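As structure tokens, the structure follows; a few thoughts come after it.
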Amino acid sequence: MSKDLSTHMKKELAQLQPSDILAFNQKISTIPDIIKLTLGEPDFNTPEHVKQAGIKSIMTNQSHYTNSAGKLALRQAASEFLHEKYQVQYEPKSQILVTAGATEAIYASLTAILNPGDKVIIPTPIFPLYIPVTLLNGAEPIFADTSDNGFVLSPEKLDQILAANQADVKAIVLNYPTNPTGVTYHRAELKALAGVIQKYDIFVICDEIYSELTYDEPHVSLAEYLPDQVLLLNGVSKSHAMTGWRIGLLCGPAPVIAQIGKVHQFCITSATTNAQDAAYEAFKNGKDDGAKMRTAYQERRDYLVTALNKLGFTCAKPEGAFYIFAKIPTGLQQQSFDFCYDLAQKAKVAVIPGASFGPGGEGYVRISYAASLESLQQAMTRLAAYVTANQQVTTK
């Protein structure tokens with residue numbers, strides 16, 4: 001065929017660029033002896049009892065397709081877990097889908113609800129995946145920069161955006177505890193946001209994958225206040241250090257889940273069977289497996305915040321997840337990609353440029369503390385030497 005097949009590609013896809021976070025991580029990975037504080041990958045192992053459940057599943061030949069929505073026993077265990085932990089109620093048969101990680105849940109939910117020309121409110125800085133998925137569906141992101149409000153979306157700003165765009169807004173995305181800032185929403189803040197959202201006929205994509213990694217107060221789900229509007233995303237990736245098992249949850253009103261289930265089915269048929277059995281064990285008998293990890297993350301957070309402040313970096317103290325979003329000190333390169341490349345080459349410390357996370361992120365870096373305390377201490381020693389040697393660099 002002589003005609004260039006690339007011309008037949010979906011125009012939205014052709015205009016998108018691959019993830020600059022992954023591209024940056026790949027590029028700096030070739031630097032010898034580099035300390036990588038880049039990706040959101042827990043450094044803990046999957047709990048032993050969960051691994052054994054996965055092994056047993058394989059050894060007993062649980063190698064066939066399951067119901068597209070996932071094994072009913074897993075959905076029941078997930079329903080019990082969510083109710084016990086966050087006081088939300090989901091009927092296992094009709095209101096829960098087992099997805100290939102939260103990533104597929106993001107794709108399936110947005111693909112099911114969006115039509116070309118719709119708008120999606122995306123508070124930034126934020127995990128950037130929601131943006132290309134919105135664009136792939138012919139919809140338009142509306143960015144709500146939260147950097148002037150402690151990285152929290154205020155009800156006043158949300159109401160203003162909705163009032164100006166109410167005819168076209170189909171959904172708002174809330175990811176909390178938030179990647180990249182570690183900031184979360186407390187009960188009073190969520191109640192205020194719910195008061196605004198309930199006035200509008202819109203969905204809320206609530207990505208709460210870090211819900212078990214909150215430090216100061218128990219996590220509160222917006223689904224407690226808006227069960228008919230929230231599409232709740234969760235899973236075992238962060239709570240049980242099971243990123244590679246690829247098991248997520250998508251919960252919501254039964255009629256909506258039925259439609260999203262079609263997209264889910266067309267994408268993957270069903271999640272991996274032995275991984276579902278391991279996730280069942282995690283939800284059923286490992287409800288508090290995240291506690292040990294949470295304690296270690298909190299110790300690392302406290303160390304890093306103190307060390308970074310001494311070096312002139314300012315940051316909102318993370319209340320969950322395992323990221324710090326730190327403002328680059330005055331006197332150093334302020335363009336975050338330039339700063340991060342220079343830091344990687346000269347100090348052999350890798351962090352993610354803040355500009356990757358949307359409006360409000362430039363001038364910041366995201367530091368993942370899903371690494372050992374020893375690695376973090378070594379990284380801070382290198383960072384201190386870098387700051388001392390480069391403090392007089394002229395900012396752009």
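Since the structure is predicted, the reported quantities are computational estimates derived from the model, not experimental observations.
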Looking only at side-chain N and O atoms, does [Y] offer a donor or acceptor that is under 3.5 Å from a partner on [X]?
{"X": "D145", "Y": "T124", "answer": "no"}
{"X": "Y176", "Y": "E208", "answer": "yes"}
{"X": "Y65", "Y": "T269", "answer": "no"}
{"X": "Y210", "Y": "N234", "answer": "no"}
{"X": "S29", "Y": "K36", "answer": "yes"}
{"X": "K262", "Y": "Q259", "answer": "yes"}
{"X": "D207", "Y": "Y130", "answer": "yes"}
{"X": "Y386", "Y": "D342", "answer": "yes"}
{"X": "E212", "Y": "H219", "answer": "no"}
{"X": "T243", "Y": "E41", "answer": "yes"}

Find the distance between [atom1] ([X]) and [atom2] ([Y]) and round it off to the nearest 0.5 Å.
{"X": "I260", "Y": "L231", "atom1": "CD1", "atom2": "CG", "result": "4.5 Å"}
{"X": "L72", "Y": "Q76", "atom1": "CG", "atom2": "CD", "result": "4.0 Å"}
{"X": "D168", "Y": "I202", "atom1": "CG", "atom2": "CD1", "result": "12.5 Å"}

Which residues satisfy the salt bridge (Lys or Arg N to Asp or Glu O under 4.0 Å) test with [X], sequence neighbours excluded?
{"X": "D228", "value": "none"}
{"X": "R300", "value": "D43"}
{"X": "K170", "value": "D118"}

Worksheet item: After noting the C-alpha distance and the side-chain angles of Y323 and F127, does the key distance pass the ring-ring contact (aromatic ring centres under 6.0 Å, His included) rule?
Response: CA-CA 12 Å; Y323 308 106; F127 179 56; 8.9 Å; no
Worksheet item: Taking the side chain as C-beta and beyond, is there a heavy-atom pair between I121 and L158 under 4.5 Å?
Response: yes
Discussion item. Could you work out, with side chain to side chain contact (heavy atoms under 4.5 Å, CB included) as the rule, every residue matching T66, not counting sequence neighbours?
Written reply: K71, S270, T273, Q276
Worksheet item: Excluding sequence neighbours, so at least two apart, what forms side chain to side chain contact (heavy atoms under 4.5 Å, CB included) with E48?
Response: K51, Q52
Discussion item. Between K317 and D216, does any side-chain N to carboxylate O distance fall below 4.0 Å?
Written reply: no
Worksheet item: So which residues get pulled into M59's cluster when ILVMFWY side chains under 4.5 Å apart are joined, directly or through others?
Response: I55
Worksheet item: Looking only at heavy atoms, what is the nearest atom pair of L249 and A105, with distance?
Response: O-CB, 4.2 Å
Worksheet item: So, do F151 and Y185 have ring centers that fall under 6.0 Å from each other?
Response: no
Worksheet item: What is the ring orientation for Y297 with F44, classed by angle as parallel under 30°, tilted 30 to 60°, or perpendicular over 60°?
Response: perpendicular
Discussion item. Tell me whether the rings of F81 and H240 are parallel (<30°), tilted (30 to 60°) or perpendicular (>60°).
Written reply: tilted
